[in-house]
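Worksheet: the structure to be examined is printed underneath.
Heads up: numbering here begins at 1 and tracks the sequence. Everything quoted here is computed from the prediction, not taken from an experiment.
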Amino acid sequence: MNTAKQLQSFYTIDDIYSLPEGKRAELIYGELYLMSAPGTKHQEIVMELSYQIRHYIGASKGFCKVYPAPFAVFLNGNDEIYLEPDISVICDKTKVTEEGCIGAPDWIIEIVSPSSRSWDYNKKLFLYRASGVREYWIVDPLKNRVSVYSFERDEMEEYTFSDKVGVGIYDGFEIDHSQMEH
């Protein structure tokens, strides 16, 4: 939702950094998009997915890192696009700084909220694909659906929360979404 656009015509990363404590926003080419606080179900899904991913990486002695929101992603390696994906998995440690991720994460997961529906399915899908994200998942609790976009293979598949979903960037890793149905 771009409510701040009416107040000012062009925003910069300084506007993100000067937001009041507790306020979050994303920045795309000078437009500021205010973010509402996530709901309980949203946070439960973020925690469960982050746990399953972190557990797999640790058990397989992997080198990728999992970062749940709020975590800054400077998508194009500069401050023109500043996003806070719900979950970012980054395998190139040179992209991670104290400020966040400089460049595209390998895997991004967004959990759809009522206010972010078209944002996650449209604008972010385009931005993530164009920036070099390898895999993008849209988890939709309202529809009990997971849309998996493998940009490397130019494929999109849909699953329900009762399915186990294979992770494209990891051979042999599946996420069991049945844990999130309750």
Hey, what do you get for OG (S88) to CH2 (W107), rounding to the nearest 0.5 Å?
-> 11.5 Å
Any donor-acceptor pair under 3.5 Å linking the side chain of K95 with the backbone of A104?
-> yes
Are any non-hydrogen side-chain atoms of Y121 and V112 less than 4.5 angstrom apart?
-> yes
K124 and E26: CA distance, side-chain angles, deciding distance, salt bridge (Lys or Arg N to Asp or Glu O under 4.0 Å) verdict | CA-CA 11 Å; K124 284 189 175 181; E26 296 180 315; 3.1 Å; yes
In Å, rounded to the nearest 0.5 Å, how long is the span from OG1 of T12 to CG of L27?
-> 7.0 Å
Would you list the atom pairs, donor with acceptor, under 3.5 Å between side chains in residues 60-74 and any protein atom, with sequence neighbours excluded?
from	atom 1	to	atom 2	distance (Å)
S60	OG	Y56	O	2.9
S60	OG	I57	O	3.4

Could you give me the CA-CA distance, side-chain angles and deciding distance for V139 and I111, then say whether side-chain contact (heavy atoms from CB on, under 4.5 Å) is met?
-> CA-CA 5 Å; V139 178; I111 291 68; 4.2 Å; yes
In this structure, are over 12 heavy atoms from other groups packed under 6.0 Å from M47 atom CE?
-> no
Are there more than 12 heavy atoms of other residues, nucleotides or ligands under 6.0 Å from atom CZ of R54?
-> no
For the residue pair S115 and S113, confirm or rule out a side-chain donor-acceptor distance under 3.5 Å.
-> no
Can you measure from OG1 (T40) to CD1 (I45) and round to the nearest 0.5 angstrom?
-> 11.0 Å
Geometric class of the F161/H177 ring pair [parallel <30°, tilted 30-60°, perpendicular >60°] = parallel
Can you find a heavy atom in the side chain of D176 that is under 4.5 Å from one in the side chain of E48?
-> no
Just how far is it from atom CD1 of I87 to atom CG of L49, taken to the nearest 0.5 Å?
-> 4.5 Å
Do the rings of Y149 and Y136 sit parallel, tilted or perpendicular, given the 30° and 60° boundaries?
-> parallel
Under 3.5 Å, is there a donor-acceptor pair between the Y29 and N76 side chains?
-> yes
Under 4.5 Å between any side-chain heavy atoms of I53 and I109, yes or no?
-> yes
Non-neighbouring partners of E155 that pass side-chain hydrogen bond (donor to acceptor under 3.5 Å, both in side chains), sequence neighbours left out = R153
Side chains of L75 and Y128 in contact at under 4.5 Å (non-hydrogen atoms) | yes
Lys/Arg N to Asp/Glu carboxylate O, K143 vs E158, below 4.0 Å | no
What closest approach, in Å, do E135 and G168 show between heavy atoms, and which atom pair accounts for it?
-> OE1-N, 2.9 Å
Report yes or no: do Y11 and L19 belong to one cluster of Ile/Leu/Val/Met/Phe/Trp/Tyr joined by side chain heavy-atom distances under 4.5 Å?
-> no
Reported CZ-to-CD1 distance for the pair F126 and I28, which is rounded to 0.5 angstrom = 10.5 Å
Quick one: do M35 and L83 satisfy side-chain contact (heavy atoms from CB on, under 4.5 Å)? Show the steps, please.
-> CA-CA 11 Å; M35 300 167 66; L83 301 172; over 6 Å; no
Shared ILVMFWY cluster between L142 and V146, side chains joined below 4.5 angstrom?
-> no
Got more than 12 heavy atoms from elsewhere within 6.0 Å of CG, N122?
-> yes
C91/Y170 under side-chain contact (heavy atoms from CB on, under 4.5 Å): CA gap, chis, key distance, verdict | CA-CA 11 Å; C91 301; Y170 289 113; 4.3 Å; yes
Are there more than 12 heavy atoms of other residues, nucleotides or ligands under 6.0 Å from atom OH of Y51?
-> no
